[in-house]
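Here the structure comes first, spelled out in structure tokens, and everything after it is commentary.
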2 protein chains.
Amino acid sequence: MAEQQRILLVDDEPGIVRALGINLKALGYQIEAAADGEDALRKAADHRPDAVILDLGLPGIDGIDVIRGLRGWTSVPIIVLSVREAEREKIAALDAGADDYVTKPFGMGELLARLRAALRRELEPEAEVPVLVTPDFTIDLAVKRVTKGDQEIKLTPTEWGIVEVLVRNQGKLVSQTQLLKEVWGPQYGEETNYLRVFIAQVRRKLEPQPSNPRYFLTEPGMGYRFEIPGSPPTRRSHLGVEMK
Amino acid sequence: MAEQQRILLVDDEPGIVRALGINLKALGYQIEAAADGEDALRKAADHRPDAVILDLGLPGIDGIDVIRGLRGWTSVPIIVLSVREAEREKIAALDAGADDYVTKPFGMGELLARLRAALRRELEPEAEVPVLVTPDFTIDLAVKRVTKGDQEIKLTPTEWGIVEVLVRNQGKLVSQTQLLKEVWGPQYGEETNYLRVFIAQVRRKLEPQPSNPRYFLTEPGMGYRFEIPGSPPTRRSHLGVEMK
DNA sequence: CTCGATCTTGACGATTTCCTAACGGGTCAG
DNA sequence: CTGACCCGTTAGGAAATCGTCAAGATCGAG
């Protein structure tokens with residue numbers, strides 16, 4: 001119970017980091033700090049924080065991309081800090097996967113309350129393996145890299161988006177609209193022709209035999225499914241009850 | 001697809017309710033409105049919304065108490081609206097169990113984005129949708145997959161729709177019109193010949209002896225019923241999954 | 001500005017799925 | 001027995017979906 005909760009604090013302003021850090025530590029949280037986007041993604045993968053507090057105004061990578069990068073493989077709560085009041089920015093951050101958006105200047109008490117609210121929700125640990133290995137290629141969700149044999153396969157952002165969503169839902173059927181919404185954004189849902197183009201692209205790059213897909217399967221009329229051949233029968237030791 | 005998500009909208013200002021309601025409906029949400037705290041708690045219990053948008057400035061019960069009332073039995077996402085900028089208020093609401101706090105006036109886009117964020121989180125818990133196992137086949141509703149022995153059975157969207165509705169109502173009789181409406185859409189109800197065709201198709205794929213159905217039973221003149229032979233006398237737990 | 005990479009869009013056969021209509025076999029009442 | 005009714009079965013053509021290709025459109029880098 002007394003398990004300390006880990007917070008990843010991403011901000012390039014030393015003042016904020018110090019102030020927040022002191023407060024959080026005093027409250028019994030364990031703090032990890034990162035000063036830019038790459039660092040944040042790396043440390044998140046290393047330390048598996050229970051929550052991330054992320055300043056959008058970072059040098060280097062765009063803050064939104066950091067959110068997407070995290071969301072690729074983890075559902076850790078993300079609270080975004082920003083000086084920008086612009087609504088567009090808020091919506092973009094939230095739709096990218098942020099859980100909350102706080103504009104600076106903010107009250108420390110409020111931020112802490114929002115942090116508590118976020119942590120309260122995340123009771124389930126959900127130990128995932130962010131790296132997936134198949135006989136034909138390897139996908140590292142945290143680092144966003146695909147290797148085939150020993151050489152790296154380069155995917156465009158959209159291609160990666162598709163791979164990511166399908167792999168995260170491994171074995172599960174993902175409907176076209178769900179896939180579109182998750183990769184292109186919530187306002188999409190009908191443009192199934194995009195999918196056809198990009199699925200084909202992905203297969204061309206990853207499938208050993210693109211015209212006969214073994215991993216990225218089409219379920220006609222329903223959606224797509226990622227699956228490692230030979231594993232489906234082994235599913236569900238979880239709570240599945242056999243009645244042989 | 002695309003089950004409509006239900007939103008409970010609690011506010012005593014008709015203007016806000018109308019504006020929000022129109023927007024939300026246009027986006028495909030199903031709206032329930034309540035004007036005061038008691039009403040809100042009652043309607044939440046009745047309709048089991050997927051999210052609650054709650055104005056703190058209500059007549060009658062204090063908004064904070066509404067939050068507590070809800071949190072007593074549900075973890076539905078609660079987004080609080082308030083004119084009060086006071087930090088004390090925010091902290092109180094968040095610590096009482098609210099998921100988010102938006103101060104009026106707010107941008108519609110932002111609120112909608114926050115709503116999406118809240119709904120997205122709630123979607124995760126993948127509520128233990130049990131796998132249904134029979135001696136002849138296995139149906140995994142979450143993953144949308146049917147296996148017979150060790151090989152996969154491919155179902156078309158309509159076939160799957162029928163199986164899903166019947167299995168969800170396991171043991172219960174589903175009338176023809178109900179089945180038609182649930183699978184084809186609300187404007188259907190008379191086209192019982194569709195059913196004959198697709199039920200036959202399903203039986204051909206799943207029943208060990210299609211001409212003598214053991215699972216997908218016809219209730220002449222009334223409708224259809226899914227049932228696992230040997231189980232009807234005893235009361236099964238929720239979805240036919242048994243604790244050995 | 002040009003170039004290259006990426007994403008959009010439209011169009012085309014090939015395939016799959018759906019609708020439709022017709023037939024036949026049960027059951028039941030008259 | 002006969003006809004009405006309901007259900008199962010079958011099959012062919014209509015309609016939707018999918019994979020594929022290739023030509024714009026867009027954007028950032030140089």
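Numbered from 1 within each chain, the chains take letters A, B, ... in sequence-line order. For the numbers below, each heavy atom of this structure counts, side chains included, while hydrogens, waters and symmetry mates do not.
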- Query: Rounded to whole angstroms, how far apart are CG on B:N212 and C1' on D:dC7?
  - Reply: 14 Å
- Item | Check: A:S175/A:T177 side-chain N/O donor and acceptor closer than 3.5 Å | yes
- Do any side-chain nitrogens or oxygens of A:W184 fall under 4.0 Å of OP1 or OP2 in C:dT8? yes
- In whole angstrom, give the distance that lies between atom CD1 of B:I162 and atom C1' of C:dT17. 13 Å
- State whether B:D99 and B:R114 are salt-bridged, where the test is any N-O pair (Lys NZ or Arg NE/NH1/NH2 against Asp/Glu carboxylate O) under 4.0 Å. no
- Task: Mind running side-chain contact (heavy atoms from CB on, under 4.5 Å) on A:H47 and A:L8 for me, showing each step along the way?
- Result: CA-CA 9 Å; A:H47 301 319; A:L8 177 60; 5.9 Å; no
- Query: What integer distance in Å separates B:E207:CD from D:dG8:C1'?
  - Reply: 13 Å
- Between the side chains of A:S211 and A:R204, is a donor N or O closer than 3.5 angstrom to an acceptor N or O? no
- B/S/- along nucleotides 17-28 of chain D (protein heavy atoms under 4.0 Å) is SBBBB-------
- Note on the structure: When rounded to whole Å, the CD to C1' distance for the pair A:E190 and C:dT8 reads 17 Å
- Round to a whole Å and report the spacing from CH2 of A:W160 to C1' of C:dT6. 18 Å
- Query: Is the distance between the ring centroids of A:F198 and A:W160 under 6.0 Å?
  - Reply: no
- Item | B:Y188 OH - C:dC18 P separation (whole Å) | 12 Å
- Message: Given A:Y224, which partner from the list A:V174, A:N169, A:V165, A:T218 fulfils the side-chain contact (heavy atoms from CB on, under 4.5 Å) test?
- Response: A:T218
- Reckon A:F198 touches a base, only the sugar-phosphate, or nothing at all at heavy-atom distances under 4.0 Å? base
- Atom-pair distance (CD on B:Q201; P on D:dT10), nearest Å: 10 Å
- Under-4.0 Å side-chain N/O to phosphate OP1/OP2 contact, B:Y194 with C:dC18: no
